[in-house]
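Encoded as structure tokens, the structure appears first; notes follow it.
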Amino acid sequence: MTNLNSPIFQSEDAAREHLEAQRWPDGAVCPHCGCVGDKHVTPIKGARARPSAAHPEGKERKGLYQCNGCRKQFTVTVGTVFERSKVPLHKWLLATYLLTSSKKGMSAHQLHRTIGVTYKTAWFMFHRIREAMKEDTSSSGPLGGEGKTVEADETYYGQVDNPRKTRTDGTPFKRSKRGRGPANKRAVVSLVERGGSVRSFHVKHATKASVREILVKNASRKSKLYTDESKLYTETGKEFAKHRTVHHASGEYVRGDVHSNTIENYFSVFKRGMRGIYQHCGEAHLQRYLTEFDFRYNRRSKLGFTDDDRHNELLKMIAGKRLTYRRPDQASFA
């Protein structure tokens, strides 16, 4: 396990070298045209930035390269979520390590106290890191497969920003006997492959149509599908190799190998983190928090990942995922 006193969290140079080793194991890669290797990319030594009050002669720009193909200059952070940030790189690496190694997450308030940045900066840093955690589901393919089991379930967390007084069909909401229900709550649908990965989605309404779309796009129909007694899965379940349910309302949670306890366990960790660590989350950002919990679950210790493995895995995923605080078409980050 990496010590928090490691040079990569204390020194800008050590952090840059570590990031280069993770992103460019075969040599520097030009983010502009894709040229690779010493023959095509040349390190520029002694380059200096523009003079300033603190550095009248201009601060030395370490880690600068020039592509011999397109003739453009770049560093290891160009084209990544770290690009054009005034936060030192070693603090970025510490923030990524803390977020990837904390099972239930870490609050922006705790980060701002830990690494010495403002709360606003810490909040935005974490959102950039969550942006980098996005999985490329198109290349990884669907969950499950022949002989494998996929569990599906939905949960509800937090009140929607614009609560309704009636259901979508116009009928009033009815309070359940247990005092709980989906009335005006944010819907989350998750799929998990037993012994494998999870994928979670924030949907406006959990309906048969929205649930089916998620299932057929993200789970192989050769899989066995296990759910609770919810009618959301009744028709879609017929499209899979096998569909079995457990009846939670009558107290049935396990019947042989039929259960949805794996996905319930994921929801438990997610809700404990959201309530105990983050406490408040705007609906517009809920998907990013789900992405964060998915990332850690898919690289959990049971699958052989360590804190260092998760950290380095994330550093390889930071390219091509810019997230700016202000955009030309938006008044502010939202």
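The first residue of the sequence shown is numbered 1, and numbering continues consecutively from there.
- In this structure, a donor-acceptor pair under 3.5 Å is absent between the side chains of Lys148 and Ser220.
- With respect to Arg288 and Glu292, no salt bridge is recorded, no charged nitrogen being found less than 4.0 Å from a carboxylate O.
- The existence of a salt bridge linking Lys134 and Glu131 is confirmed by a sub-4.0 Å separation between a basic side-chain nitrogen and an acidic carboxylate oxygen.
- Partners of Phe82 by ring pair (Phe, Tyr, Trp, His ring centres under 6.0 Å), not counting sequence neighbours, listed by chain and number: Trp92.
- The existence of a salt bridge linking Glu135 and Arg299 is confirmed by a sub-4.0 Å separation between a basic side-chain nitrogen and an acidic carboxylate oxygen.
- Looking at heavy atoms from C-beta onward, Val269 lies in side-chain contact with Lys103 at the 4.5 angstrom threshold.
- Between Glu239 and Arg221 there is a salt bridge, since at least one side-chain N of the basic residue sits less than 4.0 Å from a carboxylate O of the acidic one.
- Side-chain atoms of Leu286 and Val188, non-hydrogen and from C-beta on, do get closer than 4.5 Å to each other.
- A donor atom on one side chain and an acceptor atom on the other are found under 3.5 Å apart for Asp294 and Ser200.
- Judged as a ring pair (Phe, Tyr, Trp, His ring centres under 6.0 Å), and not counting sequence neighbours, the contacts of His109 are His112, Tyr119.
- We find that Glu213 and Lys217 are joined by a salt bridge, their nearest charged nitrogen and carboxylate oxygen being less than 4.0 Å apart.
- Salt bridge annotation for Asp13-Lys62: present, with a cationic side-chain nitrogen under 4.0 angstrom from a carboxylate oxygen.
- At a threshold of 4.5 Å between non-hydrogen side-chain atoms, the residues Tyr226 and Arg194 count as touching.
- Annotation: cation-pi geometry satisfied between Arg130 and Tyr278 (NZ/CZ under 6.0 angstrom from ring centroid, within 45° of ring axis).
- Taking the six-membered ring where the residue is Trp, His311 and His18 present parallel rings, their angle staying beneath 30° rather than reaching 60°.
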